[in-house]
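Before any comments, here is the structure.
All heavy atoms count here, side chains included; hydrogens, waters and symmetry mates do not. What you see is a predicted model, and the numbers here were worked out from it, not measured in a lab.
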2 protein chains.
Amino acid sequence: MSKEVNKKITIKDVAKEAGVSISTVSNALNNVNVLHPDTKERILEVARRLNYTPNLNGRNLKAQATGVIGLFLGAIRGPYYGELSDSIYSACIDGGYELEIFLSSDPSHIVANILGHRVDGAIILNSAIGKRQEEILRSQGIPTVYIDRILVDDKSSSVVFDSKSGGEQAAKFLLELGHKSFMYIEGEDDNYDSIERRKGFFEALKRAGIEIDKDYILKGAFERQRSYNSVTDFLDSGKPLPDAVFAANDLSAIGVLEALRDGGVKVPEQVSVMGCDDIETTRLVSPSVTTIRTFFEKQGALAVEQLIRMINGEPGELVTLKGRIIPRDSTIAKDL
Amino acid sequence: MSKEVNKKITIKDVAKEAGVSISTVSNALNNVNVLHPDTKERILEVARRLNYTPNLNGRNLKAQATGVIGLFLGAIRGPYYGELSDSIYSACIDGGYELEIFLSSDPSHIVANILGHRVDGAIILNSAIGKRQEEILRSQGIPTVYIDRILVDDKSSSVVFDSKSGGEQAAKFLLELGHKSFMYIEGEDDNYDSIERRKGFFEALKRAGIEIDKDYILKGAFERQRSYNSVTDFLDSGKPLPDAVFAANDLSAIGVLEALRDGGVKVPEQVSVMGCDDIETTRLVSPSVTTIRTFFEKQGALAVEQLIRMINGEPGELVTLKGRIIPRDSTIAKDL
DNA sequence: TAGGGGGGTTAAAACGTTTTTATCCCCCTA
DNA sequence: TAGGGGGATAAAAACGTTTTAACCCCCCTA
């Protein structure tokens with residue numbers, strides 16, 4: 001069980017084999033049009049034959065720009081991150097950049113990777129990042145796009161779903177269906193979207209003269225199981241049902257649906273339920289879930305666009321996406 | 001719009017600020033216990049104050065081993081890759097390695113990244129990789145784990161779900177429920193799992209004296225919509241319904257469910273349906289879908305384990321995971 | 001024939017680390 | 001007092017690139 005030493009092919013090997021200097025090889029590979037066509041062709045042939053692949057550490061060490069964009073996530077599982085990552089990837093390629101994805105929930109580790117890899121820019125979707133890390137990135141002038149918080153300056157952009165307006169839309173939609181009493185299932189504590197959705201929802205209801213009692217604000221943590229439990233506890237308490245439930249995201253709404261079904265409550269006949277995000281599963285469960293599409297594929301493309309703008313020297317911006325209500329079977333007009 | 005030059009803090013800056021040489025700084029940072037405690041403390045303080053972060057390109061250029069494992073995927077979206085990636089990440093951390101994820105469907109680009117980043121090992125889940133790339137990796141002695149194909153040698157391991165046995169399990173389960181006539185929804189063409197699942201399913205049925213007619217083998221391509229369309233076309237043809245449908249994966253099974261529902265066929269009363277993989281959605285739809293759990297979280301951990309074994313000089317292995325039937329509401333015993 | 005010019009190639013420096021080897025200085029001992 | 005030893009620090013080489021500046025030849029022109 002010995003760690004084998006595997007000699008990798010370097011530019012030096014190619015040079016020796018082709019009988020030229022390493023600068024000549026470099027020129028041949030990088031298409032600097034200064035070489036004799038025959039020399040160039042010979043070198044390329046040798047490189048191909050030896051399966052030469054440039055050591056990117058060497059290249060990036062020398063280069064002032066690496067051509068790499070880094071995406072920093074806390075985790076990938078779930079219905080959200082995969083789509084987002086794929087769309088970010090496409091946008092990077094279209095923009096002429098490479099993408100590298102780093103998973104981590106340790107803030108200083110994340111910063112070490114951003115700085116250490118000398119990425120040209122970073123896209124961050126990670127609630128673990130704190131003030132101190134933001135400050136370091138700013139002070140070192142790394143172009144950064146945040147997707148789950150708002151922070152805008154010369155080198156920082158934010159691309160966020162307008163969650164407050166989402167909450168307002170939900171309230172408006174449910175009010176127009178004639179509902180009068182409501183329940184809200186909260187998202188994760190301290191989460192930007194969670195806070196804003198609640199704010200928008202509550203303010204819109206207030207404008208319509210409606211307040212929500214504390215007992216009708218339940219914990220959901222953006223999770224299905226957590227929401228299921230909260231609603232089940234509520235049903236056990238015997239309090240009167242609300243006309244409608246707005247959950248901070250779709251997973252949560254699906255948990256609500258299950259809890260109501262298991263509790264013998266008919267949706268949408270007795271209670272209307274709606275979520276937010278429009279993940280695929282909302283279409284597959286029955287009843288299908290009314291929700292707000294947040295276009296998170298688009299968020300990826302916009303994030304990359306912002307990042308490339310900043311890499312090119314332009315200042316950061318705040319980009320906001322509005323949602324759109326997708327009516328499905330879990331909501332129905334209240335018959336009076 | 002000028003590309004700004006951002007001078008990054010290097011070890012040299014720290015050395016100058018602390019009034020020592022760069023070797024001393026390096027020693028301080030890497031905990032080589034040879035420095036005077038005061039010097040060390042002073043240097044660490046300066047490094048912290050300047051937000052110094054080592055340039056990994058420099059470090060990796062020098063090092064013979066980078067401590068990095070690379071995960072190479074064609075895409076992340078969907079219910080599968082996210083979970084897998086997360087579990088690979090955890091296993092890497094536990095094993096003392098960093099993980100970097102690269103998205104790409106261009107085979108030579110993938111090889112360029114594996115070799116170019118000098119990762120200590122690679123995990124590949126990408127059907128785009130071909131013989132030529134496998135050969136290059138082998139010839140350069142890069143420890144590699146394949147998750148969607150079988151290739152085993154000194155530096156290559158494979159960690160795959162035993163799809164053939166999965167197909168057999170499905171057949172056995174449905175036969176025991178008393179079903180006599182079957183439909184199979186195929187996965188993606190040329191895909192390892194698709195081929196094996198079919199083989200296992202068909203062979204087990206054959207042993208029971210049952211053959212499936214060509215008209216009852218439908219295209220599904222592992223996709224929900226594609227499967228929906230195929231089944232809908234089948235219903236339109238007016239041919240007699242089978243007792244049970246086995247779909248090559250869960251997404252496909254869900255598409256079948258929808259098509260049957262929309263075609264007025266009751267599941268499981270008229271037709272039993274089962275899938276494979278046990279993605280979360282199978283629990284959420286109604287009826288919930290009977291399926292075979294493939295433990296793809298475990299696959300990640302096993303892949304990393306194999307990789308680390310090979311990095312330490314041991315030869316590759318074939319690791320096979322057996323599935324387990326998860327009975328749910330979409331299957332029922334045939335009443336005779 | 002001397003000088004200039006230019007096409008083709010190479011030498012050398014630089015990027016930021018780590019690591020091996022050298023240096024320095026002080027104290028101890030003979 | 002000379003020499004040795006050892007603790008602390010520094011110098012220098014090396015990793016694999018890219019790039020700038022230099023070089024070498026040959027041909028052309030004056």
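For the helix from dT1(C)-dA30(D) to dA30(C)-dT1(D), the end axes, each set by the C1' atoms of five terminal pairs, are bent relative to each other by 80° (nearest 10°).
Using modelled atom types and a 3.5 Å distance limit, the side chains of H36(A) and E41(A) yield no donor-acceptor pair. A donor-acceptor pair shorter than 3.5 Å cannot be found between the side chains of D154(B) and S156(B).
For R132(A), there are no salt bridge (Lys or Arg N to Asp or Glu O under 4.0 Å) partners, not counting sequence neighbours. Residues forming a ring pair (Phe, Tyr, Trp, His ring centres under 6.0 Å) with Y80(A) (at least two apart in sequence, or on another chain): F296(A). Residues satisfying the side chain to side chain donor-acceptor pair (under 3.5 Å) test with T24(B), not counting sequence neighbours, are S21(B). Listed by chain and residue number, nothing satisfies the salt bridge (Lys or Arg N to Asp or Glu O under 4.0 Å) test with E297(A) (two or more places apart in sequence, or in another chain). In this structure S85(A) satisfies the side chain to side chain donor-acceptor pair (under 3.5 Å) test with no other residue, sequence neighbours excluded. Residues passing the side chain to side chain donor-acceptor pair (under 3.5 Å) test with E100(B), sequence neighbours excluded: H117(A). A search for ring pair (Phe, Tyr, Trp, His ring centres under 6.0 Å) contacts involving F72(B) returns F102(B), not counting sequence neighbours. Applying the side chain to side chain donor-acceptor pair (under 3.5 Å) criterion to S158(A), with sequence neighbours excluded, gives no partner residue.
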Under 3.5 Å, which protein N or O atoms sit close to an N or O of nucleotides 21-24 of chain C? Give each pair with its distance.
none

Polar pairs (N or O, both sides) under 3.5 Å between protein and nucleotides 22-26 of chain D?
none

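Counting any heavy atom pair closer than 4.0 Å across all strands shown, N60(A) reaches no nucleic acid atom.
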Between protein and nucleotides 10-16 of chain C, map the contacts as a letter string: B base, S sugar-phosphate only, - none, heavy atoms under 4.0 Å, written 5' to 3'. BBB-BBB
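Between K16(B) atom NZ and dA10(D) atom P the separation is 15 Å, expressed in whole Å.
Heavy atoms of other residues, nucleotides or ligands lying less than 6.0 angstrom from CG of D38(B) number more than 12.
Residues Y97(B) and V68(B) approach most closely at CD2-N, 4.1 Å, considering heavy atoms.
Between E135(B) and K131(B) there is no salt bridge, since no side-chain nitrogen of the basic residue lies less than 4.0 Å from a carboxylate oxygen of the acidic one.
Of the two residues near DNA chain D, V34(B) and S26(A), the one whose nearest nucleotide lies more 5' is V34(B).
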